[in-house]
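Taking it in order: structure first as structure tokens, then the write-up.
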Amino acid sequence: MNRAIYIASLHISCGGKVQFRSRSICKLISSSSSSQVSSNSASQVGHGLTNLQNKTGPVQIMLHRITKNKLRPKKMASLESLNFDNLVLRSLPIDSAEEIQPRQVKGACFSKMKLSPVANPDTVAVSSSALRLLDLDEEQWQRAEFAEYFGGNKLLPGSQLAAHCYCGHQFGYFAGQLGDGAAMYLGEVVNKAGKRWEIQLKGSGLTPYSRQADGRKVLRSSIREFLCSEAMHHLGISTTRAGCCITSDTKVIRDVFYSGNPIREKATVILRIAPTFIRFGSFEIFKPLDPMSGRQGPSVGRKDILDKMLDYTIKTFYPKVYEDHPEDTGARNLAFYKEVMRLTAMLVAEWQCVGFCHGVLNTDNMSIAGATIDYGPFGFMDAYNPDHICNTSDDGGRYSYKKQPEICRWNLGKLAEAISMSLPEQEAKAELPLYDECYQRHYMEKMRKKLGLLRVAEDEDKALIESFLDTMDQTKADFTNCFRCLSQLLLPGTPGCDDAKEKILEYLVSQSCTAEELKKACKPQMDPREMQMMMMLMQVNPDLLSQLAGGHQRLLRELQKMEQAEELKDLTDAKKQETDRGKWSAWLDTYYVRLAKEVTTDANLEERNQERSKVMNANNPKFVLRNYIAQNAINAAEKGDYSEVQRVLKMLETPYSDTNDLESLAAKPSEDEGASTSTADEDSGATAGAGPSSASNQQQTSTAVKSCTGLSYDSKPPEWAANLQVT
């Protein structure tokens, strides 16, 4: 008998009404005896359902492995000894049907699953820091069985397979039941630190929520999600993690751009790790009939399940809220909603500050825990453009960069509607102004650090930040590099500050786009025949136009491009550089006036410059996962060379470093640099380095980090990067 079962048997022998407590989870067990076992000793019990026989007959006990004693794991785990404790499946209803085929799942939050093996699973890359969350070390991921377990071929001991049921508003319209169409819950691992992590496979095959799809993901989209999950974590932004990427010889058919040209691609699986994968859409399964879409959730009116979901979510992921409101469920639910609002506001503020665009901010892609989730057609901006759309299928620009804060607020409104049976909708929505306050506060705090405004907050700071963004927009300058280089300016009064300012001016001009790049960016994309049709619709049936392919917004953007293209036809590089230099010079003058307020009469300028540079470089990344960087890794991996994926991962693990060295990972030069212009994610739907030479002797000289193709990864993107499309 193992140790966990032995202790359970000992406790039951005391007889009676046994209550097992572990952290916030309780399970009441009844038997025919009358005495009671202490909750403290019961909390030592391990996990699983165990049938025990005592003198009064069989007793089924829910065992829960989170302990404060020697039963908690003390060392790293093996693949076969992961410390599973699948709490969510004990807490929320599971569909009784076992067939794995697309269907409506009523009255349940999860459906049972089975493994769907792939041929010859092969490890593309692993994230050591993510896997250590599960107490797995290098010895385990070097084993042959590693790819079998996390490719979906073998069942981990203690794992229980399930797919999550949820709904969602997609592009503003309620889509009804969605669910884990390509993901599978493996269980929850409690590590030796007592931290709970839910793990799932994405791309693991057919589920009841796959609809017309096959439940598989391909190599290109999986590499993008794997790398971006880890990139966001190391940027300090809340996110799901990716433990590994496993490809295979199983082939699936994909029409990348829905153009009638399908290709066969390798089925690929990633291991995703998070405290929870519950999202806003999880609570929309109770939604009644939507008058716009004519759809409803599969569990309409089931307040009993909604209450269970709220209780489980708050108790597990918002324990302070639960402790503060032990009896008043109304106050508890409102406090929970406000916390979700706060975390969401902080999350989107972080996105805006690094130029990250999610691409598909549907309610089913919004984490209830305030984490970035579901990486599909995401993108980090290269040249700053507030109207940047990273998802080429977002014709209306609903999820553009500048609209992300607004959309997340809209999604919070939909969450309020979803839980309205347990928290009055108007009471919840009355708190939405707090979202705006929290967003603005966090955004400004972060932006002040990015600009090195550390001493005191001035009223003029917001205008200074907006003018910096506006200058980047007008010059179409690189977002990441322009922020990064500002740390090399010296405070007014420092010897050499004028020279440093002149170097930064030249660098900012170099990071602005050329005349040809600007003309290309302003070139209309719409086919002339489509333009003619939409112009006609605007005149005869504007209501229909608004429902087609982005409608008025798309047409307006194209007309603006046509007008801009006409204005730019005679623009030369020399003229643009002259204009750009004037704009950047004017902004730098304003910036220096503000920086003067950072200097006091007794200030040690050398120390202030060092402090300022340190803070700015810790908030302005040198490296982000630009599309062309991901594409380089994809191009190599599709030829069987995974070294570039590993090199890029290593680079992204230290995004703020000036001394990033990738030479320890060998890389072969690519024969067709930039040949592919497709980085589509149908499944989910460079010359100068980053900063001029050091402006002060206390700053370290940057070393260019190059790809296998020789491109510098801290540079403006190469010209071919503009042709990349993600959909």
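Values below: every heavy atom of this structure, side chains too, minus hydrogens, waters and symmetry copies. Not measured: the values here are computed from a predicted model.
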Starting from the C-alpha separation in whole Å, work towards a yes-or-no answer on side-chain hydrogen bond (donor to acceptor under 3.5 Å, both in side chains) for R216 and S116.
CA-CA 10 Å; R216 295 295 187 187; S116 181; 3.1 Å; yes
So, [X] side chain and [Y] main chain: donor-acceptor pair closer than 3.5 Å or not?
X	Y	answer
T363	N411	no
S420	A416	no
S204	A183	no
K476	N385	no
S282	R279	yes
T250	A267	no
N362	N365	no
T572	K575	yes
K450	C353	yes

Decide if the gap between the ring center of [X] and the ring center of [Y] is smaller than 6.0 angstrom.
X	Y	answer
F378	H358	no
F226	Y375	no
Y399	F171	yes
W351	Y443	no

Do the side-chain N and O atoms of S467 and W587 include a donor-acceptor pair separated by under 3.5 angstrom?
yes
Side chains of [X] and [Y] in contact at under 4.5 Å (non-hydrogen atoms):
X	Y	answer
Y401	D387	no
Q577	T475	no
E566	E563	no
T207	M184	no
P262	R254	no
C109	Y166	no
F280	D364	no
L219	E265	no

Greater than 12 external heavy atoms within 6.0 Å of [X]'s [atom1]:
X	atom1	answer
K106	NZ	no
K462	NZ	no
Q532	CD	no

Take Y209 and S111 through the side-chain hydrogen bond (donor to acceptor under 3.5 Å, both in side chains) test and state the conclusion after the steps.
CA-CA 9 Å; Y209 311 103; S111 298; 2.6 Å; yes
Euclidean distance, [Y] [atom2] relative to [X] [atom1], rounded to 0.5 Å:
X	Y	atom1	atom2	result
K576	E517	NZ	CD	8.5 Å
K202	K217	NZ	NZ	5.0 Å
I305	L310	CD1	CG	12.0 Å
T239	I237	OG1	CD1	8.5 Å
L206	R211	CG	CZ	12.0 Å

Donor-acceptor list for residues 428-435 side chains, cut-off 3.5 Å, not counting sequence neighbours:
residue: K429; atom: NZ; partner: E417; partner atom: OE2; Å: 2.9
residue: K429; atom: NZ; partner: E425; partner atom: OE2; Å: 2.9
residue: Y435; atom: OH; partner: P405; partner atom: O; Å: 2.7

Does a side-chain N-to-carboxylate-O contact under 4.0 Å join [X] and [Y]?
X	Y	answer
E578	R581	no
R272	D374	yes
R626	D478	yes
K716	D382	no

Run the side-chain hydrogen bond (donor to acceptor under 3.5 Å, both in side chains) check on Q631 and N627 step by step: do they pass?
CA-CA 6 Å; Q631 192 61 41; N627 276 339; over 6 Å; no
F277 and side chain to side chain contact (heavy atoms under 4.5 Å, CB included): which single residue from I373, I368, D180 fits?
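Only match with F277 under side chain to side chain contact (heavy atoms under 4.5 Å, CB included): I373.
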Could you walk me through whether Q200 and H164 pass the side-chain hydrogen bond (donor to acceptor under 3.5 Å, both in side chains) check?
CA-CA 11 Å; Q200 65 169 223; H164 181 35; over 6 Å; no
Pair F286, V300 - check side chain to side chain contact (heavy atoms under 4.5 Å, CB included), show working.
CA-CA 4 Å; F286 314 106; V300 177; over 6 Å; no
Sort and list the pairs that fulfil side-chain hydrogen bond (donor to acceptor under 3.5 Å, both in side chains) and have at least one residue in residues 287-297, not counting sequence neighbours.
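Sorted pair list: D290-S293.
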